[in-house]
2 protein chains.
Amino acid sequence: MSTIPKSQLKREALIKATINLVNNDGFHAAPMSKIAKMANVSPGTIYLYFENKQDLVNQAYIEVKKAFTQFAFKDYEENFAVEKGFKKIWMNIAKFKLKEVDEALFLSQCDNTPMIDELSRQEGLKHLHPLIELWKRGITEEIIKPVSPYMLYAFTVYPIAFLMNMQQRGINKLTQTHVNEAYEMAWNSIKL
Amino acid sequence: MSTIPKSQLKREALIKATINLVNNDGFHAAPMSKIAKMANVSPGTIYLYFENKQDLVNQAYIEVKKAFTQFAFKDYEENFAVEKGFKKIWMNIAKFKLKEVDEALFLSQCDNTPMIDELSRQEGLKHLHPLIELWKRGITEEIIKPVSPYMLYAFTVYPIAFLMNMQQRGINKLTQTHVNEAYEMAWNSIKL
DNA sequence: TAAATAAAAATGAACGTTCATTCATTTTAT
DNA sequence: ATAAAATGAATGAACGTTCATTTTTATTTA
């Protein structure tokens, strides 16, 4: 049985604490001392794992983004038919955003503010490649509208973040029925 | 000729400076001293117009949101046919987000972070009422999918913010053709 | 009209606080 | 006994905010 090294545990705890505090209070009100306390660690310890606050937030972003994209392509295979593949990926993303609320909220905040370095942002985008490829195939097969991937993303994936935000604020509950409705809307917006 | 009072000019300059700095550096890196400098005003002067930093940001948000919703309903009339009315409003919103980039970016940041008081957030939402009403009518007339307004918003208006963000980062240019394509996608996602 | 006075607006140095970060010391693991 | 990991009090810089003073504007007086 391979155990997780203790140092990794502290790192994870710090990243989790960062996500929670930034979600609840915002970057500007998430001091290192509070992050340390929430992770049950001394402030000084943070600097054994991260260069500084910016590095901590950058790494948190990259880590969460990686988990997100891995989740997105679970059980997806490149030879799926276009619509089947898209549905799989979209549903995965929806599941992630609605179950892993903390992580998803954090991403939504990072993606809409100058909180994160441009470099980390690019790093985080890398792993979405298979979805772009699928869309490309969908376009050549004349199943999907011939528009830029940004457009396709804007009308299919980005809306989920809004629904998650509303759900989180207790404004709009999301049942499985709603998720299915949402998928239909996403697909209708990009299908030819 | 009615002139604008000088005090209003300072208030406006401060709000504009806040928007710019928060856009470029984020709330956490937009100190009052910098805001004052950018508005050509002494730090102390800010406190003649605003209670504190939070109040300044809240008021900036409310002001911009008001301008946004006013713009959204320009030349819209409640007796328009559903699709015509929706197209009018959607195109207005798109125009706002793509022309008034600073204001729109600021809103996108405020709407996705805990930067703004819940109260100001609600205040800012008030004026979207006519769009909700239009959607309601569209549903009873069986033109629009019978789903919650949050869902409709998520798939029609929210995506524009993403496209604007990409455009702003120089990642994806948006011509009028793209805007028209985007409208089609928005409409396809909600039409019955 | 011009000078004198009062009121309002604006200033910016100073204050107290908070923050990110460091490092001499202690604790834990080898 | 040695090395590695963790601590947390100390540090100095930066921040939001205040307020005694100055500058500007408005009003009154001569």
Side-chain angles (χ1 to χ4, degrees), chain A residues 1-61 106 109-110 113-117 120, chain B residues 1-61 106 109-110 113-117 120:
Chain A
M1 186 181 67
S2 87
T3 50
I4 297 153
K6 216 177 172 183
S7 66
Q8 270 309 308
L9 284 182
K10 290 224 165 129
R11 217 190 86 99
E12 287 305 319
L14 280 166
I15 285 183
K16 214 154 241 168
T18 303
I19 292 168
N20 266 291
L21 271 172
V22 168
N23 276 347
N24 289 324
D25 304 345
F27 188 141
H28 69 285
M32 296 297 255
S33 55
K34 248 190 184 175
I35 294 174
K37 198 166 282 176
M38 185 171 262
N40 279 317
V41 142
S42 142
T45 305
I46 300 182
Y47 293 85
L48 300 175
Y49 298 91
F50 304 96
E51 261 185 54
N52 48 41
K53 192 178 178 182
Q54 186 63 59
D55 182 48
L56 166 59
V57 176
N58 284 340
Q59 290 202 39
Y61 175 76
F106 182 70
Q109 203 168 157
C110 290
T113 67
M115 206 169 104
I116 297 293
D117 283 352
S120 307
Chain B
M1 185 182 69
S2 86
T3 51
I4 297 153
K6 215 174 169 185
S7 67
Q8 271 309 307
L9 285 180
K10 291 226 164 125
R11 216 190 88 98
E12 287 304 319
L14 281 165
I15 285 183
K16 215 156 240 168
T18 303
I19 292 168
N20 267 291
L21 271 172
V22 168
N23 277 347
N24 290 323
D25 304 345
F27 187 140
H28 69 286
M32 295 299 254
S33 55
K34 249 190 183 174
I35 293 173
K37 199 166 281 176
M38 185 171 264
N40 279 317
V41 141
S42 142
T45 305
I46 300 182
Y47 293 86
L48 300 175
Y49 297 92
F50 305 95
E51 260 186 55
N52 48 41
K53 192 178 178 182
Q54 186 62 59
D55 181 47
L56 167 58
V57 176
N58 284 340
Q59 289 202 38
Y61 175 75
F106 182 71
Q109 204 168 156
C110 291
T113 66
M115 207 169 104
I116 297 293
D117 283 352
S120 307

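Order of the sequence lines sets the chain letters (A, B, ...), proteins ahead of strands, with each chain counted from 1.
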Trainee: Counting side-chain heavy atoms from C-beta on, which of C/dT11, D/dG16, C/dT22 comes nearest to B/Val41?
Mentor: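 Selected nucleotide: C/dT11.
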
Trainee: Could you check whether any side-chain heavy atom of A/Phe27 comes within less than 4.5 Å of a side-chain heavy atom of A/Thr113, counting everything from C-beta outward?
Mentor: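 No, every pair of side-chain atoms sits at 4.5 Å or beyond.
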
Trainee: Taking atom P of D/dT18 as reference, at what distance in whole Å does atom CD of B/Glu51 sit?
Mentor: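 Between P of D/dT18 and CD of B/Glu51: 10 Å.
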
Trainee: Rounded to whole angstrom units, what separation is found between the NZ atom of B/Lys34 and the C1' atom of D/dA14?
Mentor: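 Computing the B/Lys34:NZ to D/dA14:C1' distance gives 12 Å.
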
Trainee: Measuring from the side chain of B/Tyr47 (C-beta onward, heavy atoms only), which nucleotide among D/dT17, D/dC15, C/dT21 has the closest atom?
Mentor: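 Looking only at side-chain atoms, B/Tyr47 lies closest to D/dT17.
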
Trainee: Between C1' on C/dA10 and CD1 on B/Ile46, what's the gap in Å once rounded to a whole number?
Mentor: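 Between C1' of C/dA10 and CD1 of B/Ile46: 12 Å.
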
Trainee: Take atom CG of A/Asn40 and atom C1' of D/dA6, then tell me their distance rounded to the nearest Å.
Mentor: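 After rounding, the reported distance stands at 13 Å.
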
Trainee: Can you see if the side chain of B/Tyr49 gets near the phosphate of C/dA10 - specifically, an N or O under 4.0 Å from OP1 or OP2?
Mentor: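 Yes, because at least one side-chain N or O of B/Tyr49 sits under 4.0 Å from OP1 or OP2 of C/dA10.
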
Trainee: Let me see the working for B/Lys10 and B/Leu48 under side-chain contact (heavy atoms from CB on, under 4.5 Å), right down to the final yes or no.
Mentor: CA-CA 10 Å; B/Lys10 291 226 164 125; B/Leu48 300 175; over 6 Å; no

Trainee: Which nucleotide in the list C/dT21, D/dG16, D/dT17 gets nearest to the side chain of B/Pro43?
Mentor: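 Selected nucleotide: D/dT17.
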
Trainee: Of A/Gly44 and A/His28, whose closest DNA chain C nucleotide lies nearer the 5' terminus?
Mentor: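 On the 5' side of the pair lies A/His28.
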
Trainee: Roughly, in whole Å, what's the span from NZ in A/Lys10 to C1' in D/dA4?
Mentor: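 Value for this atom pair: 12 Å.
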
Trainee: Which whole-number value in Å describes the distance from A/Leu21 CG to C/dC19 P?
Mentor: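 From A/Leu21 CG to C/dC19 P: 11 Å.
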
Trainee: Heavy-atom nearest nucleotide on DNA chain C for A/Phe27 versus B/Leu48: which residue maps closer to 5'?
Mentor: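 It is B/Leu48 whose nearest nucleotide is closer to the 5' end.
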
Trainee: Between B/Ser42 and C/dA10, does any side-chain N or O lie under 4.0 Å from OP1 or OP2?
Mentor: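 No, B/Ser42 has no side-chain N/O under 4.0 Å of OP1/OP2 on C/dA10.
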
Trainee: To the closest 0.5 Å, what do you measure between OH (A/Tyr49) and CD1 (A/Ile15)?
Mentor: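 It comes to 11.5 Å.
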
Trainee: Enter the distance from B/Asn52:CG to B/Asn58:CG here, rounded to the nearest 0.5 Å.
Mentor: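 Rounded to the nearest 0.5 Å, the CG-CG separation comes out at 8.5 Å.
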
Trainee: Nearest whole Å is fine: how far is D/dG12 P from A/Met32 CE?
Mentor: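 In whole Å, D/dG12 P lies 20 Å from A/Met32 CE.
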
Trainee: Do the side chains of A/Leu56 and A/Met32 get nearer than 4.5 Å, heavy atoms only?
Mentor: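 The answer is yes; the side chains approach within 4.5 Å.
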
Trainee: Between P on D/dC15 and CG on B/Asp25, what's the gap in Å once rounded to a whole number?
Mentor: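 Nearest whole value for this atom pair: 11 Å.
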
